[in-house]
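Counting starts at 1 for both ligands and their atoms, in listed order.
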Amino acid sequence: MNKTLTITLGALNEAIGSECRVAITPESAAKLLKAGVQPAIESGAGVKAGFTDSDYEAAGVKILSRNEILKSSDAVAYISVPESSVIYTQAKGSFTVGLFSSLVNKNIAQQFESAKVTALDITLLPRQLSRAQSMDAMTSQACVAGYKAALLAANEYNAFLPMMSTAAGTIKPAAVLILGAGIAGLQAIGTLKRLGALVTAYDVRPAAKEEILSLGAKFLDLASFGGPDLSAGQGKGGYARELTNEEKLAQQAAVDKAAAQFDIIITTAQVPGRKPPVLLTKAGVEGLKRGSVIVDIAASALGGNVEGSQPEMTIQTDSGVKIIGAPYLASTAPKTASNLLARNIADVLIHFISDGKFVIQDADELAVLAISAANNRPQSDK
Ligand code: NAD
């Protein structure tokens, strides 16, 4: 049975350009209503993800205008970092949740702060905390991105992936290299193995080696290509640490050398709060075979894992290599990605409900998500 509905959560239509996801789905609405939260969306917000306004209405979601959502909601959930004009239209004292990457978007906290909006940044989630697993939107979205990176690479490659014996002769399998074997990388390994490719992977964290091998892929030992000893590549919270300049240069030289034997390269390497590390340089790209395909999931405005990759662009080099800058891949399976993301968002918000309103308790380990200091303002301050 639903609790009395005392709080409202709104989501805008953010499906612009390559973005197709939505922050509330009919499925997550059921969870929200059960917890006493009345969900509302801007008309058309779910269409690109496969959900019509009628699907939402049938699930108990209100359809409101953009302005109504921003001005009347106790909390607003975002897929992308909102424009400051949007932040300043939100009701004073309201909450907001999203993947704000506040360690990189340095001025976002200050904008929420001056708009008197308490912002919860899911990218700050302590991911190894077991009760936070269902809130982990970085994992859910990276899973989708890794899967789609494998399919994109397979599709763009000009040959088969599996080995095949045919009457006309044997077809050689494609050799794939995955650089960065975290959530997205492991998902890409699993998908490419199922497609029959010969998969090799590399990660700077020593723990990743076991995971690579357990999926039936080979581990790339960079030391045999003159790479640095990175037995201490692990940083805080299960993430990679940033390498020293010397280590970076040695790693790049070794990756450039090793990469020449592969047909497809998928790069996923990130270090929280830093620009993505360059793993493959221009010289490494020039050393690849003609027809090779690179998918750089880490491509961003700050740069990616591959020198010369550009977000949302496919570059064909003079040496016949295709470099696809693909940070948007979660959005290419928008129904799955939205359902997962909306569940993560609902769980984060429900966690902070106490006595029919949103409250952040400083002693709570998850309070680290609050990036604006408007934390404990009473919600009646609208
Ligand atoms: P991420 O997106 O920050 O990075 C992707 C991968 O790139 C990581 O595996 C990282 O080690 C690797 N990388 C970074 N710099 C590199 C470099 N110079 N060379 C090669 N590889 C490099 O990470 P992610 O995929 O979100 O997660 C990283 C790790 O966090 C996971 O593998 C896991 O150990 C941990 N994690 C734990 C939980 C949990 O305990 N529930 C949940 C999610 C993630």
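By the criterion of a heavy-atom distance under 4.0 Å, the backbone of A181, and not its side chain, is placed next to ligand 1. Residue-level proximity to ligand 1 for L279 is carried by the side chain, the only part with a heavy atom below 4.0 angstrom.
Using a 3.5 Å distance cut-off with no hydrogens or angles, the side chains of Y239 and R205 do not pair a donor with an acceptor.
Side-chain contact between T267 and I297 is absent, with no heavy atoms from C-beta onward closer than 4.5 Å.
Using cut-offs of 30° and 60° on the angle between ring planes, the pair F219 and Y202 is tilted.
For ligand 1, the polar-atom distance check against L243 finds no nitrogen or oxygen pair separated by under 3.5 Å. Where the criterion is an N or O separation shorter than 3.5 Å, residue side chain and backbone included, R127 meets it with respect to ligand 1. The shortest N/O to N/O separation between E211 and ligand 1 does not fall below 3.5 Å. Any N or O atom pair closer than 3.5 Å counts here, and Q133 shares at least one such pair with ligand 1. Not one N or O of T139 is nearer than 3.5 Å to an N or O of ligand 1, by distance alone.
A salt bridge between E156 and K322 is present, with a side-chain N of the basic residue lying under 4.0 Å from a carboxylate O of the acidic one.
Every residue meeting the ring pair (Phe, Tyr, Trp, His ring centres under 6.0 Å) condition with F100, not counting sequence neighbours, appears here in chain and number order: F112.
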